[in-house]
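Data first, discussion second: the structure below is written as structure tokens.
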Number of protein chains: 2
Amino acid sequence: MDVKEAVEISKCLSNQTRMQIMEWLREPEKNFPPHISIDHFDDGVCATYIHEKSKLSQSTVSNYLTNMEKCGLLVMTKHGKWSYYKRNEAIITDFAKYLL
Amino acid sequence: MDVKEAVEISKCLSNQTRMQIMEWLREPEKNFPPHISIDHFDDGVCATYIHEKSKLSQSTVSNYLTNMEKCGLLVMTKHGKWSYYKRNEAIITDFAKYLL
DNA sequence: ACTACATATCGATAAATACCGATATTTGCA
DNA sequence: TGCAAATATCGGTATTTATCGATATGTAGT
């Protein structure tokens, strides 16, 4: 991981809601209801649920998630019309190691 | 560590120069000249050297360092008219663990 | 093809952050 | 005491980020 990458990750984490999204996604089954169409969290959580939990507008949260994916913190998987987001543990570990 | 603390730390890290300061301070003897008045780096590096290395204005860097201390990333020690800054490894470790 | 729903993108404005020069404060030394 | 050096703070402007509503796009089912 280089400086620029680490800075982009930090920018994503420098907001309370985004930081909380990272926490929520650590334990999806604890923080979100089961999804209508998929009965597991293997690909994470559907964007709508994250939006609802956040209490912010759909566009804001969509933007958050897109940026968090861009910087590598999240991985997105499409299933039909839904976008599922989950933590990218590999990058998170890299980032943590980079700081130490 | 709680969310707010972690967000404040992230804010400090979301800037290339500040991120580099964290790196520079990981190996002071490698990145800075020995100080005029103290022949070790036990309390870190004098603010002037950090300022010079950064190529930013003195006021900007002083502000950086002050905020980085406020959020716990750095520890400041005064020796006479000099302020020495070093990494606060304990907080950095906490932060890294918090993310995982 | 049409409708409904999920998500992404756009454009605008408000708020926060970055950064500088100038100035104040602190400290050591002549 | 008075000067010089180191650092901190202040005030202002430029830039970036936050956030929304509106709109576009994409997908599934009727």
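Atom set for the values below is all heavy atoms of this structure, side chains included, hydrogens, waters and symmetry mates excluded. Reminder, nothing fancy here: chain letters follow the sequence lines and each chain counts from 1.
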Residues in ring-ring contact (aromatic ring centres under 6.0 Å, His included) contact with H51(B), at least two apart in sequence or another chain
none
How many whole angstroms separate atom CD of Q16(B) from atom P of dT15(D)?
19 Å
Write down the distance between NZ (K81(B)) and C1' (dA8(D)), rounded to a whole number of angstrom.
15 Å
Mind checking Y85(A) for me? I need base, sugar-phosphate or nothing, with any heavy atom below 4.0 Å counting as a touch.
sugar-phosphate
The side chain of N15(A) is closest to which nucleotide in this list: dA18(D), dA8(C), dT9(D)?
dA18(D)
For N63(A) and W82(A), find the nucleotide of DNA chain C closest to each by heavy atoms; which residue's nucleotide sits nearer the 5' end?
W82(A)
Distance, rounded to the nearest Å, where M76(A) contributes CE and dA6(C) contributes P:
16 Å
Whole angstrom is fine here: how far is it from CG in L65(A) over to P in dA6(C)?
15 Å
Length of the line joining H35(B):NE2 and dG28(C):C1', which is rounded to integer Å:
13 Å
Do M22(A) and M68(A) come within less than 4.5 Å of each other through their side chains, counting heavy atoms only?
yes
For K11(A), report the nucleic acid contact type (base, sugar-phosphate, nothing); a contact means any heavy atom under 4.0 Å.
sugar-phosphate
Could you check whether S83(B) gets within reach of a base, just the sugar-phosphate, or nothing at all, counting any heavy atom under 4.0 Å?
sugar-phosphate
Counting any heavy atom closer than 4.0 Å, what does Y64(A) reach on the DNA or RNA strands: base, sugar-phosphate only, or nothing?
sugar-phosphate
Rounded to the nearest angstrom, tell me the gap between atom OH in Y84(A) and atom P in dT27(D).
15 Å
Tell me the interatomic distance from I38(B), atom CD1, to dA6(D), atom C1', rounded to whole angstroms.
14 Å
Assess whether one donor atom and one acceptor atom, taken from the side chain of Q58(B) and the base of dA8(D), lie less than 3.5 Å apart.
yes
Which nucleotide in the set dT17(C), dT9(D), dC10(C) lies at the smallest distance from any side-chain heavy atom of S59(A)?
dC10(C)
With a 4.0 Å cut-off on N to O distance, would you call E23(B) and R26(B) a salt bridge?
no
N15(A) versus M19(A): any side-chain heavy-atom pair under 4.5 Å?
no
Grab the NE2-P distance between H51(A) and dG21(D) for me, whole Å please.
10 Å
Can you find a donor-acceptor pair, distance only, under 3.5 Å between S57(B) side chain and dG21(C) base?
no
Among dT9(C), dA18(D), dA6(D), which is the nearest nucleotide to the side chain of T66(A)?
dT9(C)
Indicate, with yes or no, if the rings of H35(A) and F41(A) have centres closer together than 6.0 Å.
no
T60(A), nearest nucleotide to its side chain (from dT27(D), dC20(D), dA8(D)):
dC20(D)
Students often get this wrong, so: under 4.0 angstrom with heavy atoms, is L56(B) touching a base, only sugar-phosphate, or nothing?
sugar-phosphate
